[in-house]
Each structure stands twice: as structure tokens, then as C-alpha cells.
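Working notes, structure below.
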Number of protein chains: 2
Amino acid sequence: MVQRGAYSKGIAKREEILTAALEIVARNGYSRATVRELADAVGLSQTGLLHYFGTKEQLFTEILRRRDEVDQRFYGDFDAAGLPDMAGGLERLVRHNAEVPGLVQLFSRFSSEAAEPGHPAHEFFRERYETARAGIGAGVERLRQAGRLPSDVDTERVTVLMLAVMDGLQMQWMYDPAVDMADHVAYLWRLVAGEQGEG
Amino acid sequence: MVQRGAYSKGIAKREEILTAALEIVARNGYSRATVRELADAVGLSQTGLLHYFGTKEQLFTEILRRRDEVDQRFYGDFDAAGLPDMAGGLERLVRHNAEVPGLVQLFSRFSSEAAEPGHPAHEFFRERYETARAGIGAGVERLRQAGRLPSDVDTERVTVLMLAVMDGLQMQWMYDPAVDMADHVAYLWRLVAGEQGEG
DNA sequence: GTCTATATCGCGATAGAC
DNA sequence: GTCTATCGCGATATAGAC
């Protein structure tokens, strides 16, 4: 089809913009990431950029979606692997996050903005939390069945706590980079595993 | 002194504005809380209102400071009481928060915005986290010494986790009000106390 | 289908009158 | 102490060039 050329060029440009935007946000933080600056960085006018994404919110949603895909490939393959090593996967993910402060900031700001019902990105984050709970929940259950966690753990509550800790640690870390997020995630796993209070 | 009249009138007006703003934010959420709307609500022009607080950021900082003071009086007196009931105090605080969604939203949005170094409210939140960690840390230590927690708990890590969980639960709760924040805080206390994995 | 230029709107901030 | 007027900026809707 002849159309495919033009179409795939649009797709390619979109991808190029997304990749560039991800880098800029990671480097410069959120508040410097105005539509104009991102447009400049990819050699487009402000409207030229929005032509591909519609609104600023949609652009940022796509940036985060893309980031999730990448992270999933790198740190989320505890699903594919035979052994239930989700604990390690989450820890590595958190450790990686500490190296991209701009993205942590973007996530934190955008997700708190979109918490308001009716916000254009509200659905994205609502689903994201749902998906995350399902994924982590399955991982916790597998760990339990593998005997790595006490048989009486409340998998659902542990899942919610684990997600909450990851979000909450980011806040404390942004205000004090000395806070070791991965270390605290690991400690929570130890608490859940019951490796304490036996002395 | 004659001056006192004028001076105290300014103070009184400030207090009046703060109280009104707190209510409006609690009711309407953050994004509707523009300086203009808040000004209208107290019968002032935009500039009239900013005359008392300087900038929007300073106004919101004062709102949150005031809220902390109120909360401290109601839920933070585990310091004054003889018995170490901080666990219950935090649980009650969290339960109360679920009744003022607008304030939770304000805190979430404003604290994530101010996470960027150089933001006018950065110092406020940095100190707030520091103070919170000191306060909760002391409470955890007292619980440990009272024998309500295992002697080998890592008080510092538990403190950071507890704060993180409270922040993180708010995010999940905003996207799904069915999430019972107080319940999950209680479960974390149980994990820390080691009341699990003995069956 | 891709992109620019222009216009508009809402926001916070500032200057200066009263 | 409070107002009116105005500015600058970010996001975005529209028209239209290529």
C-alpha cells in the first residue's frame, strides 16, 4: 500500500518525539518541560508538536506509557521466568528509578494532577494502578505458594502496601536523595516474610 | 497602642482568609482553587488577597501549615499522653483524611510540585518530612521499649516505611476510594509487630 | 498529511491610584 | 489596605500554506 509510507512516517516522527521528550524530561525535570521547549528540542513549532498528540496531557500520558513498556521489558519479566523472583525485580526497578529523577518527578506530578476525576489522564492512571495491583498481586501469591512467604500472608493487603511504599518512597527521596528506596523496599519484603521478631 | 488595632485586624483577616480557603479547597479540590476564586469567596479582589500572602505558593503553604497544626492537636497528642498509642493516632488521622478529599489532593499536588529544588515551598516540605520522621521515629522507639514491638525492629526503616505508606495510600485511594487507607496502615503495624507467619 | 502563524483564554504577578 | 489596569506566559483552537 502506498499509504503506508506516509503513515509510517507519522508513526516514526511520533516515536522520535516521544524518545526525545523522555530524555528531556529525565534531564530537565517536569516544570521545564513546557510544550514549547519540547517542540524546540525536536525542531518543531508548538502547534507542530501538538499536531501529533493533541494536548499536553496526551503527550505526557504517552511518555509514561512508553516508559512503562520499557521498564516492563527490563524489570517485569519475572512473569516469564520460571522462578518467582518478583521481589528482586521490583527492587531493581526502584534502584533504576533513582537514576532518572526527572521521570520520577514527571510521574509524581502528573499522577497527582490526574487524580482529580475528569482529568484527561485520570483513566490512564486508574487502569495503571489496577494493572499494577493485579501484576504484583499475582507475584506475591506465587511467592507464597513457593514457600518464600508465610502461608497466612494477606496477599491483597501486601500488594497494596508494596505499591504504596514505592510511591511514597519516591516523595521522601525527592526531598532527601539520601533515602535509599531499594533498601526500604527490601526491608518491607523482609517484614512480609516474617524475618524479624524472632530474636 | 493605637497601632494594635490595625495590626490585629490584618492578622484577623489573614486568619479569616485561611479558614475560608481551607474549606473551599476541601470542598472543591485543588484545580478549582485559583487565586481568583479564593479571592471571590472571601469578598476580595485577586490582588487584595495576595496582599496578605504574597504569592499563591505562600498562601497554600500557610493553608497546609494551618492544617498540620489542627491535625497535630487532634491526632498527634500521643506525645503528651503517657501511653505510647501512636499507632492508633496515625490510624485515626488517616481515617480523618479520607473525609477531606480536597485537602488530600492539595497536599498531594502541592508536595509533588514543590519536590523540584528551588520551588518556593521546597523547604517547607523538606522540613515537614524531617519533622515527621523525627516524630514518628520517636513514637516507634517508644512502642518498641514498651514491648509492643519486637526488640529487633529497625525503627528508622519502619518510620520511613510508615510515612511512605501513608503518602502512597493516598494516591491509590484518590484513584479508587474503595481502598481503605486506615485498614492498610493497621496491617502494616501488624507486620511490624510480627503478628503474622506464626501459623 | 504535515506544519506554521495568529488569536485567544486563563492564570499569577506587578504598578500605581485611591 | 484595597482597588483597577495591565503584563507575561503557557496551552490551545482555528485558518490555512505546502
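Values below: every heavy atom of this structure, side chains too, minus hydrogens, waters and symmetry copies.
Not one N or O on the side chain of A/Y129 forms a donor-acceptor pair closer than 3.5 Å with the backbone of B/D176. No donor-acceptor pair under 3.5 Å is formed between the side chain of B/Q170 and the backbone N or O of B/S108.
The aromatic rings of B/F60 and B/F110 sit perpendicular to each other, their planes meeting at more than 60°, with 30° as the lower class boundary.
Rounded to an integer number of Å, the gap from CD of A/Q46 to C1' of C/dT2 is 17 Å. A/E57 has its CD atom 10 Å from the P atom of D/dA13, to the nearest Å. Here C/dT2 presents its P atom at 11 Å from CG of A/L44, a figure rounded to the nearest Å. Per the geometry, CG belonging to A/L49 stands 10 Å off P belonging to C/dT4, to the nearest Å. Note: CG (B/L59) to P (C/dA13) measures 10 Å, nearest angstrom. For the pair B/K56 NZ and C/dT14 P, the interatomic distance rounds to 15 Å; values are reported in whole Å. Counting to the nearest Å, the P atom of D/dA11 and the CZ atom of A/R36 are 8 Å from each other. Remark: C1' of C/dA13 and CG of B/L38 are 16 Å apart, rounded to the nearest angstrom.
Nearest to the side chain of B/S45, among D/dC3, C/dG12, C/dT4, sits D/dC3. Side chain of A/H51, nearest nucleotide from C/dA13, C/dT2, C/dT4: C/dT2.
For the pair B/R109 and B/Y30, the NZ or CZ position fails the cation-pi test of under 6.0 Å to the six-membered ring centre and within 45 degrees of the ring normal.
Listed pair A/T34 / D/dG10 fails the phosphate criterion, with no side-chain N or O lying under 4.0 Å from OP1 or OP2.
Taking 3.5 Å as the limit, the base of D/dT4 and the side chain of B/T47 contain a donor-acceptor pair of atoms between them.
At a threshold of 4.0 angstrom between heavy atoms, the contacts of B/E37 with the nucleic acid are absent.
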